Each structure stands twice: as C-alpha cells, then as structure tokens.
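All values derive from a computational prediction rather than experimental measurement.
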Amino acid sequence: MSNQDSSSQTEGEVEIDEEVDTELDGEGDRDETLRDSPVLSLSSFSSSLHAVIRIKQKYRAMKKRRQEMVPLGLGADGDPAGAPSKTSPKIFTFDELAPFSSVPQKKKRRRRKGVLYPNRGRQRAPPKQEQSRAKYCLYLLFAIVFVQVYNAIENLDDHVLRYDLEGLEKTLRREVFGQQGAVDGLVSHLKDYLSTYVHNKPLVVSLHGPSGVGKSHLGRLLAGHFRSVVGETLVLQYYVLHHCPQEADALRCARDLAALISEMVKRAEEEEKIPLFVFDEAEHMHGEILDALLQLVASKQSNEYLNAVYLLLSNLGHARVTKHMLHNSSSISTSNLVKELTPILRNSLEKLHPLWTEADVLPLGLLEKSHVMECFLDEMTREGFYPDHTNIERLAGEVGYYPEVGGHEYSKTGCKQVVAKVNLL
C-alpha cells in the first residue's frame with residue numbers, strides 16, 4: 001500500500017511538472033515573440049514577471065492539493081490509490097517527500113523463538129525436571145542429626161547438674177578461707193572434665209601448699225560432696241600414713257591400691273558415674289605407690305580408667321610458696337598467685353616423679369591474720385561458743401606469724417592450731 005502511495009505521489013508530481021513546463025513553454029514563446037519585435041518596453045518585462053509568479057503559485061496550489069488527497073487514499077486525479085497509473089519519466093527534485101501519515105506507527109515486537117530440540121526437530125515446551133528422592137532423605141538426615149545434637153546437649157546439662165558443681169562451688173567458697181584462686185582453678189577443672197562423656201585421660205589435680213592452709217579440709221569437702229552425688233562406694237580417701245605406714249609394705253600396698261581402684265572404676269562404668277580418689281599426705285607416698293598410680297592415670301588404659309578424678313594433697317614445694325609470697329607480698333594478689341606459682345612448682349615436682357607431669361598443679365598460699373580469725377569464728381560457731389570478737393582476736397594473737405611485710409601478716413601454721421585452741425575453751 002505504501003509503495004502504491006509513493007508511486008502515485010511521484011506520478012502526480014510529474015504531471016505538475018509537465019503542466020509547469022507547458023506554461024513555461026508558452027511564456028517562452030511569448031518572450032521570443034516580444035524579443036523578435038523591434039520595440040521592447042517596460043510593460044513587456046512586467047508581464048513576463050507576472051507570468052512566472054502565476055506559474056509558481058499554481059505549482060504550489062497543485063502540490064498542496066496533492067498532499068491533502070494522499071491521506072484520503074486518492075491519487076493525483078482523484079482516482080483510488082490502488083488504480084493503475086500512467087507511467088511517466090521521473091524527474092529529480094530537491095523537494096522532500098511529504099509524510100504518508102501523521103499517525104505514529106507502532107513498533108513491531110520481536111517474537112521469541114522457542115527452544116528447538118534435536119530429537120524431533122520441532123518446537124516444544126521444555127520438559128519439567130523431576131525432583132530427586134534423595135532430597136527428602138537428606139532432609140530426614142538433617143532432622144535426625146539435629147535431634148541427636150539437641151539430646152546430647154540436654155544430656156550434657158543433665159550430666160553437669162547431676163554432680164551439682166554450683167553447690168560445690170558455693171560450699172568451697174564458704175568453707176575454705178583465703179584460697180580463692182585455688183578454689184576457682186579446681187572448680188574450673190571439674191566443670192571442663194564433667195561436661196563431656198568421652199575423655200582421653202583421667203582428671204588429675206595436685207594441690208600443694210604449706211601446712212595449715214586448708215588442703216586436707218578442701219579434700220574432705222570434695223569427698224563429702226561426691227559421696228552425696230555418686231555414692232559411698234565410688235569415693236576413696238587414701239591416707240598414706242594410715243593405710244601404708246611402713247616402707248617395707250610399699251609393694252603390697254601398691255598392688256592392693258591398684259586392685260581397689262580397678263574394682264571401683266569398673267563399678268562406676270556400670271553405673272555410668274565418675275569416681276573420686278583423694279590421696280592425702282602425698283609427700284609420704286612410696287615410689288611403688290607412685291608408679292602404680294602413674295600406670296592407672298596413663299592414657300593407654302581402657303575407657304573405664306579414663307573416667308575418673310584423682311586429687312593429690314601434698315606440702316611438696318611449700319618452701320617455694322612461702323619464699324615467693326614473702327618476697328612479693330607487696331605486689332602479689334589472689335588471682336595472680338596461681339599463675340605465678342604454678343610453673344615454679346611444676347618444674348620442681350616433675351624432677352621428683354613423672355606422676356606430676358600428668359597432673360594439673362594448683363598452689364595454695366599462706367593465710368593472713370584475717371583468715372585465721374575467720375577460722376576461729378567458724379570453729380567456735382560449730383562448737384556452740386558465742387563468737388565474741390574480742391575473744392577471737394585474743395585467740396588469733398596466740399598463733400605464730402611471720403614478720404609483717406608489705407602490709408600483710410602471714411601465719412606460720414595457718415589454721416592448724418584453731419581446733420585445739422577452741423577445744424581448750
């Protein structure tokens with residue numbers, strides 16, 4: 001349709017050009033006649049100018065009419081645009097072609113080609129991907145693992161709650177005076193060990209300090225707590241001077257001790273509990289007993305031997321503890337005492353026997369006069385005496401002390417004489 005319109009427009013312009021040429025020829029003949037005439041005047045020149053202007057106006061009118069007829073679908077002569085037109089030679093003009101229509105044309109959208117597959121060679125919809133059944137198995141596995149982990153966490157909490165470590169910590173803080181760092185270290189070791197089921201070695205803790213600072217008292221409190229939790233048969237308090245006083249019986253004592261510990265750990269494994277072994281006065285242990293304990297705490301033992309707690313109480317290294325505290329009394333603190341003394345004691349203990357290489361060493365420091373007064377107050381309250389502050393100061397003054405250094409007055413015997421002096425009241 002657009003081709004027909006453009007051809008009809010071209011033909012109309014050609015016809016207009018032919019008419020203009022005819023007019024120009026007529027005017028040209030007229031000019032030649034006037035030029036051949038012997039007389040040329042101003043009137044003849046003005047008539048020629050009027051003829052040129054007239055032809056130009058007529059050309060513009062015919063062109064305008066042609067432009068108005070194109071939107072109506074008519075040709076230059078009023079015929080329909082699809083009618084056959086006369087052929088005429090095309091004449092080049094500098095006039096721009098008039099637009100076919102003032103209505104903007106819509107852009108054609110490109111249709112997306114479908115996916116072609118080589119099996120049939122024709123267009124079809126892509127096949128739906130089938131979901132694998134392994135996906136549901138994976139979801140089920142995740143759910144099972146989540147339940148197992150949740151149960152394990154709950155069981156660990158129940159395992160820690162079974163031993164009531166919070167109650168033990170409160171008891172030790174209330175009953176043990178002046179040994180805050182050692183108490184915190186012991187409770188921390190117990191929490192880390194009792195919070196898991198699987199162990200690669202038993203827990204071995206060794207407490208060291210001068211006489212009367214509370215080692216035996218702390219061992220009795222820990223043993224009493226475990227008896228209330230795991231039972232009487234899974235707690236052993238071994239006093240070397242009582243159970244094996246003679247060195248000649250050391251080998252027999254070592255065999256009997258190993259047999260007793262083996263029986264207790266097997267019973268604890270059956271009951272799913274962790275036993276406690278407290279060895280007081282470990283400085284008097286014979287070499288055979290130390291060798292037997294070293295074999296029991298070795299990590300190469302079977303699983304029931306790995307689930308046990310060993311507590312060693314000794315005054316080995318007490319001279320180093322006393323010297324360190326007296327020389328550093330101005331700068332030492334309860335929290336830094338364990339950090340400063342632990343490496344010093346470990347180096348000296350490892351030279352005595354390899355057993356202490358398997359143990360976690362915790363030092364107990366000297367007690368000050370204020371701690372001794374707390375011991376008197378606690379003992380007098382237990383015995384039913386009125387806790388008179390004046391009487392307590394008098395009794396605490398009868399205890400021997402080191403010379404005051406750095407504002408601290410340390411007791412030579414700690415609270416060891418407190419019970420005897422209260423019994424004399």
Side-chain angles (χ1 to χ4, degrees), residues 182 185-186 188-190 192-194 196 198-211 215-216 218-219 222-223 236-266 268 274-324 338-364:
L186 178 61
S188 176
H189 287 307
L190 290 174
D192 294 341
Y193 187 80
L194 298 177
T196 58
V198 182
H199 307 101
N200 56 5
K201 58 176 294 187
L203 176 62
V204 183
V205 181
S206 184
L207 301 180
H208 297 266
S211 178
K215 300 184 301 295
S216 299
L218 195 151
L222 187 62
L236 173 64
Q237 284 183 276
Y238 192 87
Y239 296 91
V240 178
L241 296 180
H242 173 73
H243 290 86
C244 191
Q246 301 296 329
E247 187 176 359
D249 300 331
L251 185 59
R252 179 185 58 83
C253 293
R255 288 197 300 265
D256 295 343
L257 179 61
L260 179 60
I261 292 177
S262 299
E263 180 183 355
M264 292 179 64
V265 295
K266 290 180 181 179
I274 295 179
L276 173 66
F277 306 101
V278 180
F279 298 92
D280 203 350
E281 302 171 342
E283 67 274 8
H284 299 294
M285 278 187 177
H286 306 296
E288 292 80 0
I289 298 178
L290 293 176
D291 294 338
L293 288 178
L294 180 60
Q295 293 179 359
L296 292 173
V297 301
S299 58
K300 297 181 180 179
Q301 294 288 344
S302 56
N303 185 53
E304 61 268 15
Y305 290 92
L306 303 180
N307 298 325
V309 178
Y310 295 84
L311 182 64
L312 304 176
L313 307 175
S314 172
N315 64 359
L316 293 174
H318 67 92
R320 294 180 179 271
V321 175
T322 302
K323 181 179 179 180
H324 181 81
V338 176
K339 296 180 181 179
E340 295 175 0
L341 286 176
T342 297
I344 299 175
L345 289 177
R346 181 177 292 278
N347 292 334
S348 60
L349 293 173
E350 289 178 353
K351 298 177 182 178
L352 298 177
H353 196 274
L355 175 62
W356 275 278
T357 60
E358 304 289 338
D360 295 317
V361 179
L362 292 176
L364 278 73

### Sidechain-backbone polar pair: Y310 side chain, S206 backbone, donor-acceptor under 3.5 Å
no
### Message
Using only atom types and a distance under 3.5 Å, with no angle test, would you say the side chain of H318 pairs donor to acceptor with the backbone of S211?
### Response
no
### Task
Please round to the nearest 0.5 Å and tell me the distance separating atom NE2 of H324 and atom CG of L341.
4.5 Å
#### Entry: Distance in Å, L355 CG paired with L293 CG, rounded so as to fall on 0.5 Å steps
6.0 Å
### Query
With side chains defined as the heavy atoms from C-beta onward, is the minimum distance between L207 and L311 less than 4.5 Å?
yes
#### Entry: Value rounded to 0.5 Å, distance of CG in N307 from CG in L203
11.5 Å
### Query
Tell me, which pairs form a side chain to side chain donor-acceptor pair (under 3.5 Å) where one or both residues lie in residues 250-265, sequence neighbours left out?
R252-D256, S262-Y305, E263-R267
### Task
Report the relative orientation of the aromatic rings in H243 and Y238; use parallel for angles under 30°, tilted for 30 to 60°, perpendicular for over 60°.
parallel
### Task
Determine, step by step, whether V309 and L222 satisfy the side-chain contact (heavy atoms from CB on, under 4.5 Å) criterion, reporting the C-alpha distance in whole Å, the side-chain angles of both residues, the deciding distance to 0.1 Å, and the verdict.
CA-CA 11 Å; V309 178; L222 187 62; 5.7 Å; no
### Message
Quick one: does any side-chain atom of H208 pair with a main-chain N or O of L316 as donor and acceptor, under 3.5 Å?
### Response
yes
### Query
What is the distance from atom CG of L306 to atom CD1 of I274, rounded to the nearest 0.5 Å?
11.0 Å
### Message
Using side-chain heavy atoms (C-beta onward) and a distance below 4.5 Å, is L236 in contact with L257?
### Response
yes
## Note on the structure
Scanning both residues in full, the closest heavy-atom pair of A268 with P275 reads CB-CD, 3.6 Å
### Closest non-hydrogen atom pair, A308 against V265
CB-CG1, 4.4 Å
### Query
What residues, two or more places apart in sequence or in another chain, satisfy side-chain contact (heavy atoms from CB on, under 4.5 Å) together with N347?
none
#### Entry: For D192, side-chain contact (heavy atoms from CB on, under 4.5 Å) partners two or more places apart
S188
### Query
Does E304 have any side-chain hydrogen bond (donor to acceptor under 3.5 Å, both in side chains) partners at least two apart in sequence or in another chain, and if so, which?
S302
### K215 (side chain) donor-acceptor with P210 (main chain) under 3.5 angstrom
yes
### Task
May I have all residue pairs that pass salt bridge (charged side-chain N to carboxylate O under 4.0 Å, His left out) and include part of residues 344-357, sequence neighbours excluded?
R346-E350
### Task
Ignoring hydrogens and angles, tell me if any N or O in the side chain of S348 forms a donor-acceptor pair with the backbone of L345 under 3.5 Å.
yes
### Query
So how far is it from T342 OG1 to D360 CG, rounded to the nearest 0.5 Å?
9.5 Å
Would you tabulate the side-chain donor-acceptor contacts of residues 276-291 under 3.5 Å, counting partners in other chains and residues two or more places apart, or write 'none'?
from: D280; atom 1: OD1; to: S216; atom 2: OG; distance (Å): 3.4
from: D280; atom 1: OD2; to: S216; atom 2: OG; distance (Å): 2.8
from: E283; atom 1: OE1; to: S314; atom 2: OG; distance (Å): 3.3
from: E283; atom 1: OE1; to: N315; atom 2: N; distance (Å): 3.3
from: D291; atom 1: OD1; to: H353; atom 2: NE2; distance (Å): 2.7

